[in-house]
Amino acid sequence: MKIAMIGAGAMGSLFGALLAEAGETVTLLDICTDHVNAVNANGLVIEKQNQRRTVRLPATTDPQHIGPVDLAVVFVKSAHTAAAAQTAADLAGSSGLVLTLQNGMGNTEVLAESVDPSRIIAGTTANGATFLEPGTIRHAGSGETVIGAWTSTETARAATLADTFNRAGIVTRVVDDVRAVLWAKLFINIGINAITALTGIKNGQLLDQPETRQLSREAVEEAIAVARAKGIAIDGDPVEKVFQIAAATGPNRSSMGQDVDHRRLTEISAINGFIVRMAETAGVPTPVNRTLSALVETLQGHY
Ligand code: KPL
């Protein structure tokens, strides 16, 4: 399968490398010339459990160097989805698929303005990766990837995609209702990302203090109230799930934590900000999410 990874940060590079190792024809596309040059010169170095391996795959800053692909995977930060959408549409041409595994809500809707919705597959991944330096990433933890067709017409192609990912060791499952999966991941990001970004703590340390646990609980409970008001079905106890994931990814910095550490634009608007906007139309109060959003927006506004 010919694949373009649009956005070759830690996660895009990781998925690209795993797919390339499994024999797929993968090109990384990124705006960071240092990373692109390092990958082309020395390969992509992946550190996992203190061992390093190098994966050879091409990288470019120019989509025209890639040509039509069977699959364009969008892994840019949510603030850059609009800019990536036309590139994804051009690369996927008239028959390729576009997959988004980005954090936050609203990415698929933005892609669907440029890409035929019947060729969009959305999903989430519980893999963790950290960008160490240009050309080098750390695979911090493995977890399940869950995908589903955005419209009902491409379910068979979602299954073929899952087979390709599973062959590459990316454990992947297909679901019918991918929107419920995106909401479930949103609850997790709401409960972990902004709090860890603002306090500088690792995911697991969120559980150490009653204050941070309570803040996380209140942020997620507000999001649950908004979801209920919007008629979204909720599976299990999202607060308990947040605590489980915080423990399971304990030594990691959340992606928003890493963004703040490196003075990068965060995904706050697509996570806590999304809930605040939804709450306005649903008439649900969200003071905790509003405060977390305002603080992260202020922080990133003063880098
Ligand atoms: O998705 C994540 C993120 O950091 O964005 C979690 C699940 C919180 C893991 O760090």
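Both ligands and their constituent atoms are indexed starting at 1 by order of listing. Predicted model, so just to flag it, every value in this text is computed and none were measured. Values below: all heavy atoms of this structure, side chains included; hydrogens, waters and symmetry mates excluded.
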Where ligand 1 meets K185 - atom numbers and elements under 4.0 angstrom, heavy-atom basis: 1 (O)
Cation-pi check, R119 onto W150 ring (under 6.0 Å, within 45° of axis): no
Test item: side-chain donor near acceptor, N107 and T81, under 3.5 Å: yes
Heavy-atom pair with the smallest gap, counting every atom of S142 and K48: OG-NZ, 3.8 Å
Identity and separation of the nearest protein heavy atom to atom 8 (C) of ligand 1: N193 OD1, 3.3 Å
Ligand 1 contact on N252 by region, counting heavy-atom pairs under 4.0 Å: neither
Identity and separation of the nearest protein heavy atom to atom 2 (C) of ligand 1: N189 ND2, 3.4 Å
Protein heavy-atom partner closest to atom 9 (C) of ligand 1 - residue, atom, separation in Å: N203 ND2, 3.6 Å
Between N252 and K202: side-chain donor-acceptor atoms closer than 3.5 Å: no
Close N or O approach (S254, ligand 1; < 3.5 Å): no
Close N or O approach (R253, ligand 1; < 3.5 Å): no
Any donor-acceptor N or O pair under 3.5 Å, side chains T266, Q300: yes
Element-labelled atoms of ligand 1 that are located less than 4.0 Å from some non-hydrogen atom of N103: 1 (O), 3 (C), 5 (O)
Test: E280 and R290 ion pair at under 4.0 Å: yes
Validation row, ring centre F131 to ring centre H35 under 6.0 Å: yes
Nearest candidate to atom 4 (O) of ligand 1, where distance is taken over non-hydrogen atoms, out of G141, S255, A248, G143: S255
